[in-house]
Amino acid sequence: MRLERIRLKTFGCFQQQDFELSDGINLIFGPNFSGKSTLVNAIFFTLTGKPIVPRVDAAAIKSAKSYSGTAGLQFMENGERYMLFRGTGKRFQLRQEKDEEWHIVFDEKRITVVEATLKERFGIMHDRLALTTFLREGEIFEFLARQPATRRDILFALLGIDRLIEVRERFIDARRLAKRERSRIQAHQNSLRFSAQNTHKAEIAKIEAKLREFEAADSTDIGDAELIAEWRRNRKQAQTQLDTLTQERTEVLSGFNNITHLREMIATIETAVKEATGLEAEREELIQKIGSIDSQIAALTKVRDTLRTLIESGNGHCPTCHQKIEEEIVQKIIEEKEIEKSQLSAELETYKKTLTEKTESLESRQELEQRLQTLQTKVTRLEQLEPDIDKVQTELDTLTARLSEKGMSEEETTDVPINDAQSAESIPENIDKRQLKARIDSERKKLNKLKQEEAVQLDRLERLQKVNAEAEQVERTTLSLELACAGVDKTIETLQRQILKPAEEELHRRLEQMELFGRTRIDLQKQHLLPSVKIDGVDRSLMLLSGSEKMFLYLCFKVALAKVLGNPGFFVFDDPTLHLDDERKALMVDFIKQLAEDHQVVVTSYDEAVRAGLEGAHLIEMSRKS
Amino acid sequence: MDTVLNNETREIYKAEIEAIIQHDPKYITLGPDELEAIVNAFEFTLANGREKVRAQMIYDLIQEKREK
């Protein structure tokens, strides 16, 4: 883009005026308040729609007392001539010259549409233009004072990395979704895993095997061999039963020859017990008698002792009736009482002896009764055992006879082992058809129940397998999205490196040309665009450089960025020599001349030394009157 | 800037992902299908812009590729 003319109408301090621009260096020269910065602002405003000074409303840059202001810019782009007009009231118009006549190409008030059109047609973007093309008053300090995050945002916007940041944000959102999905599936997985743990396969197989045996036993038409086997089993069982019964009978008899002998003994004992009937009554009578005699003896003893006391006291009178006592009579009574007591004592001894005998007889009778009861129980049991033994013996004889008829000897029938051990285990030998049917029904019911439960478990298992597959898929997706995020980060780093590396090289080249710092190394990636400067191997903060050093470094940085990011083809510097001494002004003039070798440069200054230094440049002289 | 964010960016992204897979054993289970899905998702998101792309689309895009 080559700028040709600036057209202003009620814009800043200008009512209506055109300013021609030429290739190479354009020096806008004039004193303070002559409108130099307004021209710079007009170019910036026309291209971006915003004043060059941040946070200033576009409406504020119109002339005082006017309704609105308009700035226009005529320029060449790819061999075509255009004219841009932008009003402070947001009106925008693009005209193109064709056949020496201007045609309106675009007329719009919507800012976003205008911005998109300028970006598409001429690659004009506000941030990039501000950082790579224009230098305005106070810009360096403002840039350095920005927060790293702000500088990072500017950098990302300049490099187009902001779009990658958006991609990363979307990936992070998707990853969050995937993680949430993974948690949900894991919970589902755990619940299914827990409920599908127990299966009945082994139990079902066992019951099915058992049922097969039962059904086979039930449905098979029993042949001779099987019949013989069954008879053998039955015979064996009958023999065992007979052995048990016989052994029990022997134990019950315990010493008696047979049941008749036992019955005789019972009869004898019953007679003895009968004879002993009345013993309890006699014994009771004796006990009562002994008790009575004991009482009589005690009474006699008491009387005798009282009488003796009466005699021994020597009082001679009865203490109760106070009559005189005849000692001889009393002595006689005492003797009579003694005799009476001796008789009673002898009688007592006799009774006691009898009582002992009776008690012993009674105990013997009780023992006999117990013995009788035991023997009677045995007889009862024997009476039960005998028919059973007879019955089993008959069955055994029948089976032996049947087996003999089939040609099986006694030994064979006894010793032949049961071949089908499994059948013997699961089907009882003496089970009949009816019982077998009942068992089959019962087992079938059990099997059906287990199979139903198993079907439910299998369904759960199937669902678990599906969920497992789903979980694996989500896991892989989550991992993929993690990788996607990490990939975006790495891509951002790589792009920064790729874009900023040439900028760093250009910056080194420019600085070396100026021979301002000696050997410098610049790292533009560090701290997001705030160049880290290493001068002669020592890190120097950009903030601590002198004002002129900052200015040169920043201009070189701007030019270097312009080179890698793309530049519209011109630079506009508002008073770049401000605060520079003569030596540094000369250096700046050289810098501008170098830049003008392949760019159009617009510079403002009030300094005669700059004017002299830029002799031959297209001069736009400004005065306060204009 | 659009010249930077073109197919070249896609290739850079692909190369970066391959490098991550090689260096981080965590991603070793991911195969070429996943890699292609991720790169496609990246390209799709880059091309369609923030307003037009939702997280669910990325998720679906990767799932779809994986299922194939």
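Chain letters run A, B, ... following the sequence lines, proteins first and then strands; every chain starts at 1.
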Using a 4.5 Å cut-off on heavy atoms from C-beta on, say whether the side chain of B:Ile12 contacts that of A:Lys490. no

To check you understand the geometry: which heavy-atom pair defines the closest contact between A:Ala484 and B:Tyr13, and what is its length? O-OH, 2.8 Å

Of the non-hydrogen atoms in A:Leu479 and B:Tyr27, which two are nearest, and what is the gap between them? O-CE2, 3.6 Å

Measure the spacing between OG1 of B:Thr9 and CD1 of A:Ile492 and express it to the nearest 0.5 Å. 11.0 Å

Separation of A:Arg170 CZ from B:Asn48 CG (nearest 0.5 Å): 12.0 Å

Looking at chain A, which one of B:Glu18, B:Gln56, B:Met57 has the largest number of heavy-atom pairs inside 4.5 Å, strictly under? B:Gln56

Between the side chains of B:Thr45 and A:Glu166, is a donor N or O closer than 3.5 angstrom to an acceptor N or O? no

Nearest 0.5 Å please: distance from the CG atom of A:Leu483 over to the CD1 atom of B:Ile21. 5.0 Å

With a 4.5 angstrom heavy-atom cut-off, could you sort out which part of B:Ile62 is near chain A: side chain, backbone, both or neither? side chain

With a 4.5 angstrom heavy-atom cut-off, could you sort out which part of B:Lys26 is near chain A: side chain, backbone, both or neither? both

How would you list, in number order, the residues of residues 173-183 of chain A that have a heavy atom less than 4.5 Å from chain B? A:Asp173, A:Ala174, A:Leu177, A:Ala178, A:Glu181

Could you tell me if the side chain of A:Thr478 sits less than 4.5 Å from the side chain of B:Tyr59, heavy atoms only? no

For A:Ala562, enumerate each residue passing the side chain to side chain contact (heavy atoms under 4.5 Å, CB included) test, keeping only those at least two apart in sequence or located in another chain. A:Thr132, A:Asn567, A:Phe571

So OG1 of A:Thr491 and CD of B:Glu11: to nearest 0.5 Å the spacing works out to 11.0 Å

Interchain contact, B:Ala37 with chain A, by part (heavy-atom threshold 4.5 Å): neither

A:Ser480 and B:Ile38 have their tightest heavy-atom pair at O-CD1, 3.3 Å

Please determine whether the number of non-hydrogen atoms from other residues, nucleotides or ligands lying under 6.0 Å from atom CD of A:Glu120 exceeds 12. no

Main-chain N/O of B:Glu34 paired to A:Arg476 side chain as donor or acceptor, under 3.5 Å: no

CZ (A:Arg509) with more than 12 external heavy atoms under 6.0 Å: yes

